Amino acid sequence: MSGAGDQHNGEFNPGESIHLESLEQQVAQLWHPDASGDRPLTSLATRATVLNLVSFVPDSETAQRTISSAGRISQIHPSRVIIFSGIGDQDSVELKPDLYATCEADSELSSAPCIEQIRVPVDLPRYQQMATIARPLLVADLPTIVWWQGSLDPDDTAFLNLIRLANLTVLDSLKFESIQHLADLQRIRELLPPGSTITDLNWQRLQPWRELTAQFFDIRSMHWALQNIRDIEIDAGIAEDKALPGQVLMYISWLSHCLGWRSFEARRTRNDRWYIGVYDRRGGGVRIIVRTRPTGEEWRGQLLAVSMSAEESSYGSCSLSLSRTRGSSIIRMHARSGLNSTLHHAVYHPLLPDEALLMPVFEATEEDHMFYATLDRTVELVSLFGKPEAL
Amino acid sequence: MEPDVSQTMLDNPLREGLSLERLPSPCAMVIFGASGDLTRRKLMPALYDLALEGLLPPGFSVIGYARSPKTNEEFRAEVRESIQQFARRTPIDEGLLSNFEQGVSYVSGDFSSPDDYARLNEELDRLDRERNTSGNRVYYLATPPSAYANIAHHLADHGMVHPLDDERWTRLIVEKPFGHDLQSARELNETLLKYFAEEQIYRIDHYLGKETVQNMLAFRFANGIFEPIWNRTFIDHVQITVAESIGIENRGGYYDQAGALRDMVQNHMLQLLSLVSMEPPPDFDAESVHDEKVKALRSIRPYQPEDVEACTVRGQYREGWVMGQPYPGYRDEARVDEASVTETYVALKLFIDNWRWAGVPFYLRTGKHLPRRVSEIAIQFHKAPHPPFESNVTQSLEPNVLAIRIQPDEGITLKTTAKVPGPSMRLRSVNMGFLYGTSFLVESPDAYERLLLDCMLGDSTLFPRRDGIEASWEPITQILEGWDASGKTELPGYPAGTWGPDEADEFMERDGRQWRQP
């Protein structure tokens with residue numbers, strides 16, 4: 001086995017239906033010890049033993065990114081990867097599937113993780129058949145994850161058939177054309193068969209912010225503040241459509257769900273500013289201001305800073321500020337309680353590429369109740385804004 | 001009462017569903033013996049790696065305490081260097097390291113000077129005020145064991161140990177060796193227990209922080225197929241091997257007083273033994289797990305003095321080659337007595353006298369300068385009772401062996417027999433392997449990371465309890481007494497780089513068995 005890729009192309013005629021049996025035989029043959037003597041595979045090679053990853057990508061550019069991401073994922077989670085790559089209107093593109101297997105022999109790990117990728121170009125007829133093509137190619141007894149990177153349409157039967165194969169479907173609301181598609185996400189969830197669940201990479205991006213917020217209230221002397229938050233200000237990178245970023249809405253909805261808040265008012269106050277009014281569990285008002293600011297491409301729609309303050313007559317006041325400096329891999333916490341007590345903390349959390357966001361998702365494919373509850377709240381909040389332009 | 005971790009979670013509804021369900025409350029850690037190798041190689045890098053994973057609480061602070069005079073800046077520079085050299089995850093993130101360093105300070109002091117403890121206490125108070133460490137303390141004794149009692153006494157004397165019912169928690173971590181025989185272990189326990197409650201004492205055995213060791217609990221108790229055959233009816237014997245390719249390095253002074261039995265068997269190997277032989281605990285609460293481990297250790301059949309020589313083999317390495325490098329014999333090592341009868345290799349047989357294990361021998365062996373570094377537990381099952389093949393086929397049948405590899409290549413293999421493809425019935429052993437690496441190519445955290453985190457969380461599951469330590473010293477002390485009584489002035493030798501003395505092979509052959517070649 002060498003560090004270079006072992007490539008094996010399927011014998012398919014363009015335009016013909018895919019010979020799945022042949023494709024599966026070829027995958028198996030790649031790993032047969034006697035297969036073409038110039039590629040001896042040692043027992044160190046680690047085949048797909050963790051999961052099936054099926055992805056639909058709408059274009060060749062996304063396909064290239066996905067191929068790289070899936071390769072990196074397979075180094076950690078040896079997987080069988082099936083990538084359906086849309087060819088759009090290009091009639092001249094060959095529809096020949098590729099088989100590709102490579103072992104990372106240079107890995108620092110003692111075993112060489114191997115990547116099995118089946119790349120299937122997809123025209124419209126084949127798009128409708130993705131589920132039937134994928135089903136026999138899945139390795140039995142392994143969880144199947146569908147990473148859907150196409151546009152979201154809960155009425156698209158090809159999409160629905162594919163995600164019905166999955167134990168977990170992964171979408172990314174950061175890339176939604178409109179924040180109102182979050183309601184589609186909620187609808188899709190309801191269409192999933194039992195044992196199948198859904199998650200959103202944008203929810204994964206919130207993880208460090210949720211962690212740090214929770215950490216502050218873990219401090220015993222700050223427990224009181226949890227029920228006495230009065231003001232929240234959130235800064236985020238301007239979103240693609242200059243609308244209120246979905247990530248911000250999910251953060252607010254998460255807080256609302258955990259703390260039993262009820263939103264009563266939501267409006268856009270300026271082009272780059274929104275106001276959300278909330279009642280806490282005891283009927284106290286919480287004022288939430290969201291601002292967006294121009295950022296580089298990588299920060300679009302992403303949380304940049306959160307600050308909140310709490311007040312209570314017997315405890316006094318405290319404030320918490322979380323911020324990420326653009327370009328920094330660190331999110332800093334600065335907290336103040338009373339006049340003298342301050343707290344500084346920092347966690348390492350660089351802006352993660354897709355594959356790094358996916359990996360923790362793969363480690364726990366069960367239903368994420370908190371995400372579901374947050375999604376419900378987010379959809380309610382979106383509807384509170386009323387007209388789409390208010391968002 | 002120690003704060004209940006689960007209660008802490010419930011107090012904060014924002015914690016629900018977060019992956020970091022186990023996050024310690026703010027605290028300060030004092031490392032006594034901060035100039036030593038352990039601090040440099042293990043503790044500081046582990047703390048940095050925990051910070052990188054976001055597992056340290058806000059305001060977390062470390063005070064280095066040692067005799068040598070040093071400024072905070074000098075100590076921070078040492079810490080920085082140690083992290084750069086030994087942290088698990090590289091490259092080092094400068095922003096995070098700078099933030100970590102802000103919580104690092106140094107107090108120069110003697111282990112016996114009351115004034116120095118007063119200064120240490122002032123520094124801790126400062127951290128409570130300025131970094132909100134909330135009065136919570138971890139004291140890490142990275143010192144020679146002779147200093148433990150002194151430090152514990154002074155900490156208590158200066159009001160630096162909060163009682164269990166205090167809102168502020170105090171925890172003490174002590175390194176091995178924990179005593180040199182049963183009597184000294186009891187004395188040390190009693191001394192520490194004058195100042196600390198048992199729930200506050202964390203006796204560290206880094207072997208228990210290893211992922212595979214923890215996985216043994218998952219393997220045994222989360223799978224339905226193994227536990228029914230995990231007993232005398234199906235198991236012929238168990239072999240536990242902890243082989244080291246290194247010698248005693250620069251620890252001649254310590255090692256010549258300790259030997260392999262004290263250095264490895266009393267702690268690491270008997271901990272492994274207890275995990276492999278314990279009954280299923282009712283839950284994974286620390287006390288339940290400790291109870292079952294201690295029960296297993298207490299069931300070890302006592303050695304009668306006259307049986308010790310027959311049940312054990314000692315050896316000492318001689319000049320030889322290990323992995324292409326020449327090494328001197330043990331008695332030629334620095335700070336080793338030239339007539340030393342300290343064992344660098346020990347093999348022993350023991351029995352666990354309970355319903356599950358009656359009559360099943362457990363063979364343990366460990367040694368320095370063996371051919372390779374490997375730790376494993378091998379469960380050998382009885383042969384198939386009546387294989388319906390020709391006699392020439394059945395003669396070559398090997399028993400099934402389940403090998404739990406702890407290091408390197410952590411994982412589990414099951415040796416089974418299969419037919420060789422072809423027209424005739426020929427059988428051959430094959431291994432079904434689960435390598436940790438093949439299913440979870442994620443790097444495992446260092447054992448110290450896990451154990452430091454658990455201590456901060458108040459979870460003592462992976463730290464031996466007092467009665468466990470004493471139970472493990474009992475058979476060891478019986479062996480030591482038996483060896484003393486034998487009056488041997490010479491031990492069997494083995495060339496460095498071999499699997500121990502010939503006597504060890506003969507020892508197994510007498511039982512009709514043989515050592516595995518791991």
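As the structure is a prediction and not an experimental result, all values here were calculated from the model. Letters go in sequence order (proteins before strands), and every chain restarts at 1.
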Nearest heavy atoms of B:P13 and A:C258, plus distance in Å: CB-O, 3.5 Å
If you count every heavy atom of other residues, nucleotides or ligands that lies below 6.0 Å from B:F86 atom CZ, does the total exceed 12? yes
Measuring heavy-atom distances to chain A, does B:P26 have an atom under 4.5 Å in its side chain, in its backbone, in both, or in neither? side chain
Distance, nearest 0.5 Å, that separates NE2 of A:H344 from CD of B:Q102: 7.5 Å
Minimum side-chain heavy-atom gap B:L14-A:L255 below 4.5 Å: yes
At what distance, to the nearest 0.5 angstrom, does CZ of B:R89 lie from OH of A:Y348? 6.5 Å
Where the side chain of B:N12 meets the backbone of A:A214, is there a donor-acceptor pair that is under 3.5 Å apart? yes
Take B:L18 and A:Q207, measure what side-chain contact (heavy atoms from CB on, under 4.5 Å) needs, and give me the verdict at the end. CA-CA 8 Å; B:L18 283 174; A:Q207 176 89 356; 4.2 Å; yes
Do B:D93 and A:I330 have side chains that approach each other closer than 4.5 Å (heavy atoms only, starting at C-beta)? yes
Counting C-beta onward and ignoring hydrogens, is there a side-chain heavy-atom pair between A:I219 and B:S25 closer than 4.5 Å? no
Check ion pair A:E211-B:R15 (N to O, under 4.0 angstrom): yes
Under 4.5 Å from any heavy atom of chain A, what part of B:P408 do you find: side chain, backbone, both or neither? neither
Flag if over 12 foreign heavy atoms under 6.0 Å of CZ, B:F219: yes
Do B:P58 and A:D218 come close enough that some side-chain heavy atom pair is under 4.5 Å? no
Are there more than 12 heavy atoms of other residues, nucleotides or ligands under 6.0 Å from atom CD of A:E312? yes
A:R332 vs B:N99 side-chain heavy atoms within contact, under 4.5 Å: yes
Please flag which part of A:L212 lies under 4.5 Å from any non-hydrogen atom of chain B: side chain, backbone, both or neither. neither
How long is the straight-line distance from CG of B:L52 back to NE2 of A:H349, given to the nearest 0.5 Å? 10.5 Å
